[in-house]
There are 2 protein chains.
Amino acid sequence: MRLTANRIAGILREHGYKLTPQRHAVLKVIAASHDHLTPEVIHEKARLNNPGIGLITVYRTLGLLNDLNLVCRVHSPDGCRSYMMRRPTDHHHHLMCSGCGKVVDFAGCALADLEQRLLEETRFNISGHLLEFYGLCPDCCIPASV
Amino acid sequence: MRLTANRIAGILREHGYKLTPQRHAVLKVIAASHDHLTPEVIHEKARLNNPGIGLITVYRTLGLLNDLNLVCRVHSPDGCRSYMMRRPTDHHHHLMCSGCGKVVDFAGCALADLEQRLLEETRFNISGHLLEFYGLCPDCCIPASV
DNA sequence: ATATTTGCAAAAGGTTTGCAAGACG
DNA sequence: CGTCTTGCAAACCTTTTGCAAATAT
C-alpha cells in the first residue's frame, strides 16, 4: 500500500519539520506518480500546484525525504538521478522498462541464501543491497511494424 | 580471470581504434586496480605513466571501453560515477565496503527463478539486472576502541 | 597520407551554498 | 515571535563540445 501525501506530511511533522506549501506540493507529485522522477520533472509538476516553488526547494525536500527513508533513488543505465516513493513496510525492488521508463515494484528478492554465502566467503558485515531488473514492458515489446 | 591491459589493447585494435599512449595508460590503470575508480582518480594515476594526458581523454576512453563492454559502472549510495574492469566471460556482481570502498566480485547470483517469476507476473522481456551488496569488510568492522 | 585522436578552453548540465526576506507553528 | 524555510544568484563539480594541432597506422 502506498503512502499518501498527507500521511507523509504527518511523518514530516512528527519529525519536527514544518509543513510548507512547497513541501506539500512536492509530496503530492511524488505520491501521485508510480514512476521514477528526476528533480527537474518533480519541479515542473510541483509548479502546477505551487507556481512559485524553486528547484532548490525540490532538491532540499528530496534530501529530507531521502534521509527519512520515504523516498528512494532509482538507478538506471542512463543515470541515477531519479527518485520514487518508498513503501515503508516492505522491502522491495524495481523492474524498469528500457523503452518507456515505466517502473514496476516487486518484493520477494530471496537473496538471503546468497547473502549468507557471501558472509561466509568474505566475512563482510552485509547491511543492504541494490537490485534492479531491466527489460521491455509488454507495450514496448510490440514490433514497430505491426 | 582478469583481462590484461595488453589484451584490451588488442580488442581495441580489432575494433579499429588506434592504440595511443594515452589510451594505454588508462588501460593499465584500470587493469591494475581491483577497485572502482572515478574518472578523476583514473586521470591522476594515468598521469604517472603519461604526465600529459588530459582528463578529457580519460572520459573519452572510458566511454569507449563502456561501449565495448570492457568496463562497468559501479553504483553506490554516495554516487554512481566509478568504473571498474568487467570480466568478459562470466556474469558477476559487486560487494562493496561502505567503510573503505573496497570491492569484491562474486558470481552465482541465482536470480533465474526470480526472473522467471517476474516474466510470468509482468510479461516484461527482461534483458538484465543490477545487483550490488553493501556492508563493512572485516577490516572496517573492527571497533574503533580496540 | 589521412582519418583519428588529443588537449585546451569554454560551455553545459546538475547540485549546493550564502544570505536576506518570508512564513510556519 | 523565533526559528525554520524559501528563493535568488552565484559558486561548484563533473562531463561534454568545438576546433586546431598532433599522431597512429
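Note that the structure is predicted; figures quoted are calculated from it, not measured. Sequence lines set the chain letters: A, B, ... in the order given, protein chains first and strands last, and positions in each chain run from 1.
Atom CZ of A/R73 is separated from atom C1' of C/dG14 by 12 Å (rounded to the nearest Å). In this structure, A/I56 atom CD1 and D/dC12 atom P are separated by 17 Å, rounded to whole Å. Atom CD in B/E44 sits about 11 Å away from atom P in D/dT14, given to the nearest Å. What separates CG of A/L12 from P of C/dG25 is a distance of 10 Å, to the nearest Å. Atom NE2 in B/H43 sits roughly 12 Å away from atom C1' in C/dT6 (whole-Å rounding). Separating the NE2 atom of A/H24 from the C1' atom of C/dC24 is a distance of 14 Å, rounded to the nearest angstrom. Rounded to whole Å, atom P of C/dG25 lies 16 Å from atom NE2 of A/H15. As a whole-Å value, the separation of A/D67 CG from C/dT16 P is 11 Å.
Note: B/H36 and B/H94 fail the aromatic proximity criterion, with ring centroids not under 6.0 Å apart.
A distance-only check finds a donor-acceptor pair linking the side chain of A/R73 to the backbone of A/C80 [under 3.5 Å].
Contact check, B/R23 against C/dT5: a side-chain N or O comes under 4.0 Å of OP1 or OP2. The phosphate of D/dT23 (OP1 or OP2) has no side-chain N or O of B/Q22 nearer than 4.0 angstrom. For B/T20, no side-chain nitrogen or oxygen approaches OP1 or OP2 of D/dT23 to under 4.0 Å.
Where B/R60 and A/L55 each meet DNA chain C at their nearest nucleotide, the meeting point lying more 5' is that of B/R60. When each of B/R81 and B/P21 is assigned the nucleotide of DNA chain D with its nearest heavy atom, B/R81 is the one assigned upstream, toward the 5' end.
Side-chain to base pairing of A/R13 with C/dG25: no donor and acceptor N or O lie closer than 3.5 Å to each other. Interface remark: the B/K18 side chain does not form any donor-acceptor pair with the D/dT23 base, using a distance-only criterion of under 3.5 Å.
The side chain to side chain contact (heavy atoms under 4.5 Å, CB included) test with B/V58 singles out one residue from B/I53, B/T38, B/L37, and that residue is B/I53. Partner A/H24 forms a side-chain hydrogen bond (donor to acceptor under 3.5 Å, both in side chains) with one of A/N49, A/N6, A/N50 and no other, that one being A/N6.
B/G52 comes within 4.0 angstrom of the backbone, heavy atoms only, and of no base.
Candidate nucleotides C/dG14, D/dT5, D/dT6 were compared by shortest atom distance to the side chain of A/E40, and C/dG14 ranks first. Side-chain atoms of A/I53 lie closest to D/dG7 of the nucleotides C/dG14, D/dT16, D/dG7.
Contact of the A/Y134 side chain with the B/F124 side chain is not registered, since no non-hydrogen atoms from C-beta on lie closer than 4.5 Å.
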